[in-house]
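Heads up: the structure comes next, in structure tokens.
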Amino acid sequence: MNSTISPQAPTALFLSHGGGPLPLLGDIGHKELVENLKAMAGMIEKPSAIIVISAHWEAKKPTITSGAHPSLIYDYSGFPAESYQIEYPAPGNPMLASEIHSLLNKHGLGAELDDQRGFDHGLFVPLKIMYPEADIPCIQVSLVNTLDPKEHIRIGQALSELRHENLLIIGSGFSFHNMRAFFSPPNAEAENMNASFEAWLIDTCSNPDIDEKERTQRLENWEQAPFARYCQPREEHLMPLHVCYGVAQRACSNVFELRVLGKKSSAYIW
């Protein structure tokens with residue numbers, strides 16, 4: 001009797017993508033981030049396709065890029081001219097986009113397709129470091145603009161049903177995203193608040209002794225974490241992590257701790 005091996009569940013990866021295009025410009029404050037992205041890419045098999053949930057795209061409903069050749073969206077301002085000439089000509093994947101659309105709708109998430117939207121810097125900045133050849137088909141899935149943690153975990157749970165060889169789902173956000181703090185002089189109180197939230201997040205995502213009911217409750221009620229609103233004044237950069245957890249529904253397999261622009265941040269692989 002012959003048996004067939006089904007394609008595996010997707011790999012999920014939450015990364016902190018840094019400040020605009022700075023990781024591509026040699027900024028010293030992003031040195032550890034660049035090293036981290038390269039290290040993560042080296043730890044997983046080259047993907048056949050990549051789905052990116054970027055902190056920089058919010059919509060009323062989960063929306064999926066479905067164009068065959070998406071352009072780039074330079075969704076930042078005030079950077080050198082070269083920042084607006086970055087290229088990352090990765091193809092789209094309309095068939096996979098349609099499959100994602102059907103899957104999200106099967107789960108009652110009311111998804112939509114968008115064949116005109118391009119890739120924002122939450123996709124092309126980290127991927128240009130991780131996979132510079134730009135030869136892997138990519139799709140973006142938006143956040144929902146309510147920023148409801150439960151809904152973003154549900155999106156991940158729906159995406160977990162995708163079955164393709166070496167499919168990679170990336171949550172592109174930032175575990176610390178207080179813009180004012182990035183530009184304020186360092187002090188012990190700020191360092192403590194940053195470190196306390198990071199310790200909570202790392203424990204929540206990686207502790208194997210936490211059962212999944214508790215882990216889910218922690219992420220759904222993330223605002224109760226120590227200094228949560230200091231580290232995430234608005235949570236759009238955290239919600240991609242909730243999608244990644246929804247995909248995996250277990251403790252992560254790898255934690256990466258790094259400093260970006262002088263602040264503690266983290267990244268995770270499931």
Verify the ring-centre separation between Y76 and H121: is it less than 6.0 angstrom? yes

Does the distance from a Lys or Arg side-chain N to an Asp or Glu carboxylate O, for K264 and E198, drop under 4.0 Å? no

Let me confirm one number: the CG-OH distance from N192 to Y230, rounded to the nearest 0.5 Å. 10.0 Å

Centre-to-centre under 6.0 Å for H237 and H177, is that the case here? yes

Please report the shortest heavy-atom distance between Y88 and F124, naming the atom on each side. CB-CB, 3.9 Å

Heavy-atom pair of closest approach, residues H30 and D27: ND1-OD2, 2.7 Å

Qualifying residue, where the test is side-chain hydrogen bond (donor to acceptor under 3.5 Å, both in side chains) with Y245 and the options are R218, E212, Q157, R250: E212

Could E235 and R229 be called an ion pair, given the rule that one side-chain N must be under 4.0 Å from one carboxylate O? yes

Between I53 and P240, what is the shortest heavy-atom contact and its length? O-CB, 3.6 Å

Between D135 and K46, does at least one N-O distance fall below 4.0 Å, as a salt bridge requires? yes

Does E257 CD have over 12 foreign heavy atoms under 6.0 Å away? no

Are K263 and E32 close enough for a salt bridge, meaning some N to O gap below 4.0 Å? no

Aromatic contact, F182 with F176 (centres under 6.0 Å): yes

So which atom in R117 and which in T65 form the shortest heavy-atom distance, rounded to 0.1 Å? O-CG2, 4.0 Å

Atom CD of E87 with >12 non-hydrogen neighbours under 6.0 angstrom: no

Do you know which two heavy atoms are closest between H152 and V144, and how far apart they sit? NE2-N, 3.0 Å

Within 6.0 angstrom of K31 NZ, more than 12 heavy atoms from elsewhere: no

L113 and A97: which non-hydrogen atoms are nearest, and at how many Å? CD2-O, 3.6 Å

Crowded around E45 CD? As in, over 12 foreign heavy atoms under 6.0 Å? no

